[in-house]
Amino acid sequence: MAPKTPAQRTAPRGATAARTTFRQRFDSWREHHKEVALESLRRLLATPLPTAMTILVIAIALSLPAGLYVMLKNAESISEDWDGSAQISLFLNFNTQEQQGRKLAAELARRDDVKRTEYISREQALAEFEAQSGFGDLLEELGENPLPAVVVVYPAVTDLTAAESLRTDLDQLGEVDLAQLDAQWVQRLYAILDLGRRLVVALSMGLALAVLLVIINTIRLAIESRRDEIVIVKLVGGTDAFVRRPFMYTGLWFGLGGCLVALLLIQTVLWWLDEPVQTLSALYRSQFELSGLGLRVSFLMLLGSVVIGLVGARLAVSQHIRAIEPG
Amino acid sequence: MIHFHQVSKRYDNGKEALLNINFELDQGELTFLTGHSGAGKSTLLKLIMLIERPSGGRMVVCNQDVAKVGRSAIPYYRRQIGMVFQNHQLLFDRSVYDNVALPLIIAGYRPRETGRRVRAALDKVGLLDKEALNPIALSGGEQQRVGIARAVVNKPQVLIADEPTGNLDPELSAEIMDLFDQFSQVGVTVLIATHDLGLIARYDHRLLSLDQGRLISDGFDRPDHLQPHLHERGF
């Protein structure tokens, strides 16, 4: 084989060299970021008490709106359970006979705006009340069944105004003493939930601002304590980005750490509440189970918290690092 | 390498720190800059480091018109210039090695290349065996040599030293001067600001003298008031 001409030898090598140079620079940039990130973390861990306090403040500020959000989500799931089963209870006159009552229930069930009906005799009502309330003995003392017979009407209509007009209709019936729409509480709950949702938003914004200020202030102190180093770094040719970098990572760690601790706090409270909620839910014969933040919301919260950390760091840095110049 | 043409510096408070300064330093030249405190030495160094901007005249450093170096370009400009400080300006929260490596890390060198260069620089100043120590554990002369290693680790074209022998006895000063000599011999332009008249008298390098912001002499002669010190050199 003939020896390669210099051109043949150098051409591909030149291209390789260029590629390697770029990759080398990228590698060293990545390596530098990794080191700065770890160094920022080491610095935070070197002063565990102040760090823990800052992280805890952030965590508490984050867990308040997040906790409220979890409560709301659970309350909504309860209302969803019962929304479809809005019902009108017709309490019948005491002089209405059982046969009459059953006939009425059957008639009402044929109406278009009624899905189905259910007749509860006075005896059934009493038995149910005894079983659920535990006041059975007391009722026996009375000697006489104080409970009326009830026709439970399940409306076919789903919205609450139509259900309300159906109730007014049924209230006119001769056998009916009192017609009660058991959905008013759903309406009230909706109103409360709506209020709660707005409260979560307002609280989130307020406390996000608080977290931002905590991070700005903490980083401002960190910058102040490293003033000499910043001056030297600038004198030996450190760019603003280089000076900024460790503080940006400090902000990132605060955001991340604060949010992880907040998630832990919420999970702990949920775990602590789980048993009584199970008991309560069993007493209501409900399948209800407490649900947590969920993966999606947890992730969004983590993301938001990290962004707040970075924004706070950036604000603190741009405010203070320009002011620190050699001279 | 360093070219001052009619350079003036007037501070915001109206003080004229430098007035119509003209001089030129070639590549590999070693020059003293002297004058009483307040004569303008520090201001001149600050102009070269772009810590301050001249209020008049033209400065060319490392073939760059300094007026054209914008704020965001200053870090890259400073990487061409090594600076040695009187108070060393070392960081006591890290080792000697990490102090010297700082300019390389800033410039984005890979760890292996950084290690090679840092050890070469430390070897040059004779502190290779101290790389793992905290600089606070070193003597004043050693700290100054760490400062010099940091100033030259990035192979700058220009080396500026502000009172590098300020707190050192003559023997240690001679060691430091030897180092500067060696750097100038490999082509680094070295400018040493000092009011150590003994030091100036012991070497016959070019001398720039400042007085009240004016350049009153430039050359190899020693002014009369330095004559007594010449005895130290055996004249």
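Only heavy atoms go into these numbers, but all of them, side chains included; no hydrogens, no water, no symmetry mates. Chain letters run A, B, ... following the sequence lines, proteins first and then strands; every chain starts at 1.
Proximity to chain B (any heavy atom under 4.5 Å) is shown, for R245(A), by neither the backbone nor the side chain. Interface remark: R94(B) contributes side-chain atoms only to the contact with chain A (heavy atom separation under 4.5 Å). Neither the backbone nor the side chain of M83(B) has a heavy atom closer than 4.5 Å to any heavy atom of chain A. Heavy-atom distances place both the backbone and the side chain of E229(A) under 4.5 Å from chain B. With a threshold of 4.5 angstrom between heavy atoms, P156(B) does not approach chain A through any atom at all. With a 4.5 angstrom heavy-atom cutoff, Y109(B) touches chain A only via backbone atoms.
Remark: R198(A) CZ is loosely packed, at most 12 non-hydrogen atoms of other residues, nucleotides or ligands lying under 6.0 Å away. Within a 6.0 Å sphere centred on CG of N13(B), other residues, nucleotides and ligands contribute more than 12 heavy atoms. Within 6.0 Å of atom CD in Q6(B), more than 12 heavy atoms from other residues, nucleotides or ligands are found, so the atom counts as buried in its surroundings. Annotation for H5(B): atom NE2 does not count as buried by contact number, only 12 or fewer foreign heavy atoms lying within 6.0 Å. Heavy-atom contacts from other residues, nucleotides or ligands closer than 6.0 Å to NE2 of H3(B) number more than 12. For F299(A), the CZ atom sits in a loose shell: 12 or fewer heavy atoms of surrounding residues, nucleotides or ligands are nearer than 6.0 Å. Summarising the local packing, NZ of K155(B) is surrounded by 12 or fewer heavy atoms from other residues, nucleotides or ligands at distances under 6.0 Å. In R53(B), the CZ atom is crowded: over 12 heavy atoms of neighbouring residues, nucleotides or ligands sit closer than 6.0 Å.
Considering R226(A), R42(A), R43(A) in turn, R43(A) is the only one that fulfils the salt bridge (charged side-chain N to carboxylate O under 4.0 Å, His left out) rule with D93(B).
Taking CD1 of I74(B) as the reference point, atom NZ of K234(A) lies at 9.0 Å (rounded to 0.5 Å). Here L102(B) contributes atom CG and I232(A) contributes atom CD1; the two are 8.0 Å apart, rounded to the nearest 0.5 Å. Atom OH of Y76(B) is separated from atom OG1 of T239(A) by 5.0 Å, given to the nearest 0.5 angstrom. Considering NE2 of H32(A) and CD1 of I106(B), their distance stands at 8.5 Å, rounded to 0.5 Å.
Residue L235(A) comes nearest to R78(B) through the heavy atom pair O-CD, 3.7 Å, listed as atom of the first residue, atom of the second, then distance.
Between E325(A) and I51(B), every side-chain heavy-atom pair lies at or beyond the 4.5 Å cut-off.
In terms of modelled atom types and a separation under 3.5 Å, the side chain of R79(B) and the main chain of G237(A) share a donor-acceptor contact.
Of the residues considered (E35(A), R322(A), E31(A)), R322(A) shows the highest number of contacts with chain B, using heavy-atom pairs under 4.5 Å.
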